[in-house]
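Below: one structure, written as structure tokens.
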Amino acid sequence: MNLNKAAQDTARRLADGMARGVLSFPLTSFRPDGGLDLDAYRAYLAGQLATEPGAIFPACGTGEFTALDEDEYGQVVAAAVEVADGRVPVVAGIGYGWAQALRFARRAEEAGADAALVLPHYLLKVPQDGLVEQVRRIAAGTRLPLIAYQRDQVAFSVDGLRRIAEIPTVIGLKDGHSDLDRLQRLTLAAPEHLLFFNGAATAEVQARAYAAVGVPAYSSAVHAFAPEIADAFFTAMRNGDDARMDALLRGFYVPFVQLRDRVPGYAVSLVKAAARLRGRPVGPVRAPLVEPGPEDLADLEKLLADGLELVGATG
């Protein structure tokens, strides 16, 4: 194994967590005026952790990473570390170009995060040499173990993946492309120590397909507002209960995806609105995201009630 000891330990904890539960990507709590609400965030995190996820990933896409300044980011990650209290790994999002990503990585280090998820760099399409060098430069400037995230303009080739996997602190790859032929080639070529994560939007819809190519672990946006539904699906998948999975997909997940696809950005905005419907103290989204309109909120409320009824939970 090429990993250094700290990375090995974090990878082992993550692997254990991935086998036990979904990966939680918590929302970030804002006040009605748009300011960061740390007390509400801690309360929300406590509720999330009570459901025993495999790990938490604060200040990532669902947590509106790109809407946070560096000071807010440091406070968000520190609060997650504080509330987690060592029970599960805390993996903080970092991103933009490598120089800015390192500024966030250093804040995450100071806050006590266990690892960092390298979100796709900003704007540019680049060749494999550039993708690899981006990860190398980040790895050279932080002690944190790293998980690379490929989606949008970031897509590693087999050679590119092998090259970043040689870096002693790179422990995994999260995939958001859902190109399963390509992903199968990557999993077959990867060293044994490399962890893979299903990062598709509303990952449960594609969870079985990802598992078939060797990627059973997934992040769940639904866990951010309805852990009862997310945990029911995870349990059904772990038990090979296809009938239960199909019922949840038909009755909740597929209609949720259809609702999500109505407006760009609803992958976060709807999740936050659903959390508010559950009484979770998460507040509004920040621009450029927009809040769901009245009709979409009404459809969301009904769908949420249907999903909770499916798993025998209450509002």
Side-chain angles (χ1 to χ4, degrees), residues 3-18 20-31 35-96 100-119 138-139 141-149 169-172 174 195 197 217 219-221 223-224 227 275 280-283:
L3 299 178
N4 66 31
K5 186 177 185 307
Q8 286 182 39
D9 291 345
T10 300
R12 189 176 302 111
R13 288 184 68 207
L14 275 169
D16 290 345
M18 288 154 53
R20 187 179 65 249
V22 300
L23 305 176
S24 172
F25 281 64
L27 299 155
T28 300
S29 299
F30 299 122
R31 297 189 302 268
L36 182 63
D37 191 337
L38 284 173
D39 288 340
Y41 181 62
R42 290 187 185 95
Y44 168 70
L45 280 173
Q48 289 288 290
L49 284 159
T51 66
E52 300 183 344
I56 60 169
F57 289 66
C60 292
T62 307
E64 297 180 77
F65 166 77
T66 57
L68 300 172
D69 67 30
E70 288 181 32
D71 288 338
E72 291 173 328
Y73 171 88
Q75 293 175 73
V76 164
V77 177
V81 171
E82 172 194 330
V83 177
D85 194 26
R87 288 175 287 172
V88 296
V90 176
V91 184
I94 61 174
Y96 304 113
Q100 187 63 46
L102 278 177
R103 292 174 66 94
F104 284 102
R106 287 166 189 147
R107 290 295 185 101
E109 280 187 39
E110 292 168 3
D114 296 293
L117 177 67
V118 183
L119 300 167
I138 294 170
T142 178
R143 297 187 302 273
L144 291 176
L146 302 177
I147 300 167
Y149 189 3
T169 54
V170 171
I171 63 174
K174 182 180 179 184
L195 303 174
F197 306 83
S219 56
S220 174
H223 187 273
R280 308 303 189 253
V282 296

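Predicted model, so just to flag it, every value in this text is computed and none were measured.
Rounded to the nearest 0.5 Å, atoms CG (L14) and CG (D9) are 11.5 Å apart. Atom CD of residue Q8 and atom OG1 of residue T10 lie 10.0 Å apart, to the nearest 0.5 angstrom. For the atom pair L36 CG and E72 CD, the distance stands at 5.0 Å (nearest 0.5 Å). Taking CG of D39 as the reference point, atom CG of D37 lies at 6.0 Å (rounded to 0.5 Å).
Within the 3.5 Å criterion, the main-chain N or O of E109 finds no donor-acceptor partner in the side chain of R143. Although no hydrogens or angles enter the test, the distance criterion places no donor-acceptor pair under 3.5 Å between the side chain of Y73 and the main chain of A108. Remark: side-chain polar atoms of S29 are paired, donor with acceptor, to backbone N or O of P281 under 3.5 angstrom. Side chain of Q48 to backbone of H223: a donor-acceptor contact under 3.5 angstrom is found. In this structure a side-chain-to-backbone donor-acceptor pair under 3.5 Å is missing from S24 to I56.
Cation-pi contact between K174 and F197: absent, since separation from the ring centre below 6.0 Å together with deviation from the ring axis within 45° is not met.
The shortest heavy-atom contact between V88 and L49 is CG2-CD2, 3.6 Å. Counting all heavy atoms, side chain and backbone alike, A275 lies closest to V282 at CB-CG2, 3.9 Å. When all heavy atoms of D71 and D69 are compared, the closest pair comes out as N-OD1, 3.1 Å. The minimum heavy-atom distance linking L102 with T142 is given by the pair CD2-N, 4.0 Å. Across P58 and V91, no two heavy atoms sit closer than the pair CD-O, 3.2 Å. Residue I94 comes nearest to F65 through the heavy atom pair C-CZ, 3.9 Å, listed as atom of the first residue, atom of the second, then distance.
Between V118 and the options L146, V170, I147, a side-chain contact (heavy atoms from CB on, under 4.5 Å) holds for only L146.
Contact annotation: the side chain of L68 approaches that of F30 to within less than 4.5 Å [non-hydrogen atoms, C-beta and beyond]. Taking the side chain as every heavy atom from C-beta outward, L144 and T169 never approach each other to under 4.5 Å. Looking at heavy atoms from C-beta onward, Q100 lies in side-chain contact with E70 at the 4.5 angstrom threshold. Between L45 and Y41 the shortest side-chain heavy-atom distance falls below 4.5 Å. Put simply, the side chain of R103 does not reach to within 4.5 Å of the side chain of Y96, judged on heavy atoms.
Enclosure of atom CZ in R87 by more than 12 non-hydrogen atoms of other residues, nucleotides or ligands within 6.0 angstrom is indicated.
Ion pairing of R13 with D16 is absent here, as no side-chain N (NZ or NE/NH1/NH2) approaches a carboxylate O to less than 4.0 Å. Ion pairing of E52 with R20 is absent here, as no side-chain N (NZ or NE/NH1/NH2) approaches a carboxylate O to less than 4.0 Å.
F25 and F57 have parallel rings, their planes meeting at less than 30° on a 0 to 90° scale where 60° marks the start of perpendicular.
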